[in-house]
Enquirer: 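Below you will find the structure I want to go over with you.
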Amino acid sequence: MEFIKAKTILSKVKYGNEWYGIDYNMNLYKGCSHGCIYCDSRSNCYHIDNFDIVRGKENALLILEKELAKNRKKGIIGIGSMSDTYNPKELKYEQTRGALKLISKYGFGVSIDTKSDLILRDIDLLKEINDKNDVIVKFTITTPNDELAKIIESNVCVSSKRFEAIKTLTSSGIFTGIMLNPVLPFITDNENDIKKLVRLAYVSGAKFIHTYMGMTLRENQRDYYFDKLDKHFIGLKQKYIKYYGESYNCTSLNYKKLYKVFTDECDKYGILYQMNDIIAAYKKEKKNNEQMTLF
């Protein structure tokens, strides 16, 4: 694996902690090999050349330990927002596992985004961190259908494996749920699949599902996505051009109906879907304050 130089690993979030309650962001790798046809991280604004090649960050753990040691606020560290931290290179190099050991050592919490069941390797560390601070794991699942997942997310474990991983994590006491993002217009935005996904989430013990019922498209990301549509979904590119043009936000044309179906199903199964509710449910400090108020 190629390693690139890095001055920092940890960065304070600039938008407040409204997004899953995180206080810091961290990406241990640059690029991603999952092959998702829709990935926003391909966009030019992120300046990632050769996005499909995973590169590590030189001396990442040494830099991270220095940054953790000097930060007094033991907040939540978000991992995997730009590239999945559980890529195949992680099996050999264990940068993520090393980072989790440091996060536990210094008493921080963690919020992990992933599509990979490799995270199950680190249940021991997630439980260790959870004893000291807050832990939330978010699996991206865009479709309940494995065959479709093989097309739109070709180099990562299929959806059924992710549901199994959710079940294992929740059984171990880790607050785990689903990011139903993106929802691909004309591909995954149908009522039956939404219902099936929510039901499978419930069976797997998922605590939450969050979605915005659409996707984003910009610059070269759009070109890449359209090339894949021409290969796997002939004729769909023209529909995107017709209905969305150059729009960045491509919300499902059936947004209102589908979101109502989605929320009704979540309510039926007792699954959280509002961001504030999700944050309140996994944050120990908020739960402890609520208990003190009751007493």
Side-chain angles (χ1 to χ4, degrees), residues 34-40 84 113-117 137-170 176-217 221-222 224-226 228-240 242-244 247 249-275 277-278:
H34 285 346
C36 304
I37 68 173
Y38 50 74
C39 185
D40 179 72
D84 198 324
D113 301 1
T114 190
K115 291 188 180 82
S116 174
D117 56 358
V137 174
K138 298 157 281 174
F139 273 90
T140 297
I141 302 181
T142 56
T143 173
N145 304 315
D146 284 357
E147 292 307 310
L148 180 56
K150 290 176 185 178
I151 295 173
I152 63 177
E153 302 152 348
S154 58
N155 301 327
V156 67
C157 67
V158 292
S159 300
S160 60
K161 293 290 186 182
R162 290 175 237 174
F163 283 116
E164 290 174 14
I166 290 170
K167 188 171 186 177
T168 301
L169 286 164
T170 54
T176 309
I178 294 168
M179 291 191 295
L180 177 51
N181 295 322
V183 173
L184 307 181
F186 316 117
I187 299 175
T188 63
D189 62 339
N190 69 80
E191 185 174 329
N192 288 336
D193 278 4
I194 297 294
K195 288 182 175 180
K196 182 179 179 181
L197 191 148
V198 176
R199 179 178 60 80
L200 290 173
Y202 169 72
V203 171
S204 303
K207 303 299 183 183
F208 66 90
I209 308 172
H210 187 264
T211 185
Y212 54 82
M213 282 297 165
M215 69 178 303
T216 59
L217 284 175
Q221 176 207 0
R222 179 184 287 105
Y224 183 89
Y225 183 63
F226 282 177
K228 295 300 181 182
L229 290 184
D230 282 341
K231 181 178 180 180
H232 299 291
F233 305 96
I234 297 171
L236 275 192
K237 180 177 77 173
Q238 286 69 32
K239 293 183 75 172
Y240 274 81
K242 175 181 177 180
Y243 289 105
Y244 300 110
S247 296
N249 287 308
C250 302
T251 306
S252 170
L253 301 183
N254 299 318
Y255 168 81
K256 290 184 178 179
K257 179 183 178 182
L258 284 179
Y259 195 75
K260 180 67 164 55
V261 169
F262 166 73
T263 56
D264 285 349
E265 291 297 298
C266 287
D267 288 337
K268 180 170 74 175
Y269 290 114
I271 297 175
L272 302 174
Y273 52 87
Q274 297 284 5
M275 183 61 70
D277 294 336
I278 296 167

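Excluded from the calculations below are hydrogen atoms, water molecules and symmetry mates; all remaining heavy atoms, backbone and side chain alike, are included.
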Enquirer: Of the non-hydrogen atoms in Val156 and Lys115, which two are nearest, and what is the gap between them?
Expert: CG2-O, 3.3 Å
Enquirer: Nearest 0.5 Å, what's the CD1-NZ distance between Ile151 and Lys231?
Expert: 10.0 Å
Enquirer: Can you list the residues that meet the ring-ring contact (aromatic ring centres under 6.0 Å, His included) rule with Phe226, with sequence neighbours excluded?
Expert: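 So Phe226 forms no ring-ring contact (aromatic ring centres under 6.0 Å, His included) with any residue.
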Enquirer: Not counting sequence neighbours, which residues clear side chain to side chain contact (heavy atoms under 4.5 Å, CB included) with Ile37? List them please.
Expert: Ile152, Tyr225, Lys228, Phe233
Enquirer: Atom CG in Leu258, atom CD1 in Ile194: separation rounded to 0.5 Å?
Expert: 5.5 Å
Enquirer: Within the side chain of Ser204, is there an N or O that forms a donor-acceptor pair under 3.5 Å with the backbone of Ala206?
Expert: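 Judged by distance alone, no pair lies under 3.5 Å.
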Enquirer: Show, in sequence, the C-alpha distance, side-chain angles and deciding distance for Leu148 and Ile187, and conclude whether the side chain to side chain contact (heavy atoms under 4.5 Å, CB included) test is met.
Expert: CA-CA 9 Å; Leu148 180 56; Ile187 299 175; 4.1 Å; yes
Enquirer: Looking at every heavy atom in both Ile178 and Ala201, which two are closest together, and how far apart are they?
Expert: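 Result for this residue pair: CD1-CB, 3.6 Å.
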Enquirer: Only one of Ile166, Asp113, Ile209 passes side-chain contact (heavy atoms from CB on, under 4.5 Å) with Phe139; say which it is.
Expert: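 That would be Ile166; it is the only one of Ile166, Asp113, Ile209 passing the side-chain contact (heavy atoms from CB on, under 4.5 Å) with Phe139.
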Enquirer: Return the set of residues passing side-chain hydrogen bond (donor to acceptor under 3.5 Å, both in side chains) with Asp193 (not counting sequence neighbours), or none when no residue passes.
Expert: Asn145, Asn190
Enquirer: Would Leu253 and Asp189 count as a side chain to side chain contact (heavy atoms under 4.5 Å, CB included) if you check the C-alpha gap in whole Å, the side-chain angles of each, and the deciding distance to 0.1 Å?
Expert: CA-CA 9 Å; Leu253 301 183; Asp189 62 339; 5.7 Å; no
Enquirer: To the closest 0.5 Å, what do you measure between OH (Tyr255) and NZ (Lys260)?
Expert: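 Rounded to the nearest 0.5 Å, the OH-NZ separation comes to 13.0 Å.
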Enquirer: With sequence neighbours excluded, what pairs up with His34 under the side-chain hydrogen bond (donor to acceptor under 3.5 Å, both in side chains) test?
Expert: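 side-chain hydrogen bond (donor to acceptor under 3.5 Å, both in side chains) check on His34 returns Asp84.
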Enquirer: Asn249: what forms a side-chain hydrogen bond (donor to acceptor under 3.5 Å, both in side chains) with it, not counting sequence neighbours?
Expert: none
Enquirer: With sequence neighbours excluded, tell me which residues meet ring-ring contact (aromatic ring centres under 6.0 Å, His included) with Tyr38.
Expert: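 Testing Tyr38 for ring-ring contact (aromatic ring centres under 6.0 Å, His included), a comparison that skips the adjacent residues, returns none.
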Enquirer: Once rounded to the nearest 0.5 Å, what's the spacing between atom OG1 of Thr143 and atom NZ of Lys150?
Expert: 12.0 Å
Enquirer: What residues form a side chain to side chain contact (heavy atoms under 4.5 Å, CB included) with Ser154, not counting sequence neighbours?
Expert: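 So Ser154 forms no side chain to side chain contact (heavy atoms under 4.5 Å, CB included) with any residue.
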Enquirer: What is the ring orientation for Phe186 with Tyr244, classed by angle as parallel under 30°, tilted 30 to 60°, or perpendicular over 60°?
Expert: tilted
Enquirer: Going from OG1 on Thr114 to CE on Met179, what distance comes out if it is rounded to the nearest 0.5 angstrom?
Expert: 9.0 Å
Enquirer: Can you give the donor-acceptor pairs under 3.5 Å from side chains of residues 267-275 to other protein atoms, not counting sequence neighbours?
Expert:
{"residue": "Asp267", "atom": "OD1", "partner": "Tyr273", "partner atom": "OH", "Å": "3.3"}
{"residue": "Asp267", "atom": "OD2", "partner": "Tyr273", "partner atom": "OH", "Å": "3.4"}
{"residue": "Lys268", "atom": "NZ", "partner": "Glu265", "partner atom": "OE1", "Å": "3.4"}

Enquirer: Short question: side chain of Arg222, backbone of Ser247 - any donor-acceptor pair under 3.5 Å?
Expert: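 Checked: pair present.
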Enquirer: Could you pull out all residues at least two apart from Ser160 that satisfy side-chain hydrogen bond (donor to acceptor under 3.5 Å, both in side chains)?
Expert: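 So Ser160 forms a side-chain hydrogen bond (donor to acceptor under 3.5 Å, both in side chains) with Asp146.
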Enquirer: Return the set of residues passing salt bridge (Lys or Arg N to Asp or Glu O under 4.0 Å) with Lys257 (not counting sequence neighbours), or none when no residue passes.
Expert: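 Salt bridge (Lys or Arg N to Asp or Glu O under 4.0 Å) list for Lys257, sorted by chain: Glu191.
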Enquirer: Which residues pass the side chain to side chain contact (heavy atoms under 4.5 Å, CB included) test with Thr211, not counting sequence neighbours?
Expert: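 Partners of Thr211 by the side chain to side chain contact (heavy atoms under 4.5 Å, CB included) criterion, ordered by chain and then number, come out as Leu180, Asn181, Val183, Met213, Tyr259, Phe262.
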Enquirer: With sequence neighbours excluded, tell me which residues meet side chain to side chain contact (heavy atoms under 4.5 Å, CB included) with Lys161.
Expert: Asp117, Cys157, Val158, Glu164
Enquirer: If every non-hydrogen atom of Val137 is compared with every non-hydrogen atom of Phe208, which pair is closest and at what distance?
Expert: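 That closest heavy-atom pairing would be O-CZ, 3.9 Å.
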Enquirer: Could you tell me the separation between the OG1 atom of Thr176 and the NZ atom of Lys138, rounded to the nearest 0.5 Å?
Expert: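 Nearest 0.5 Å value for the OG1-NZ distance: 11.0 Å.
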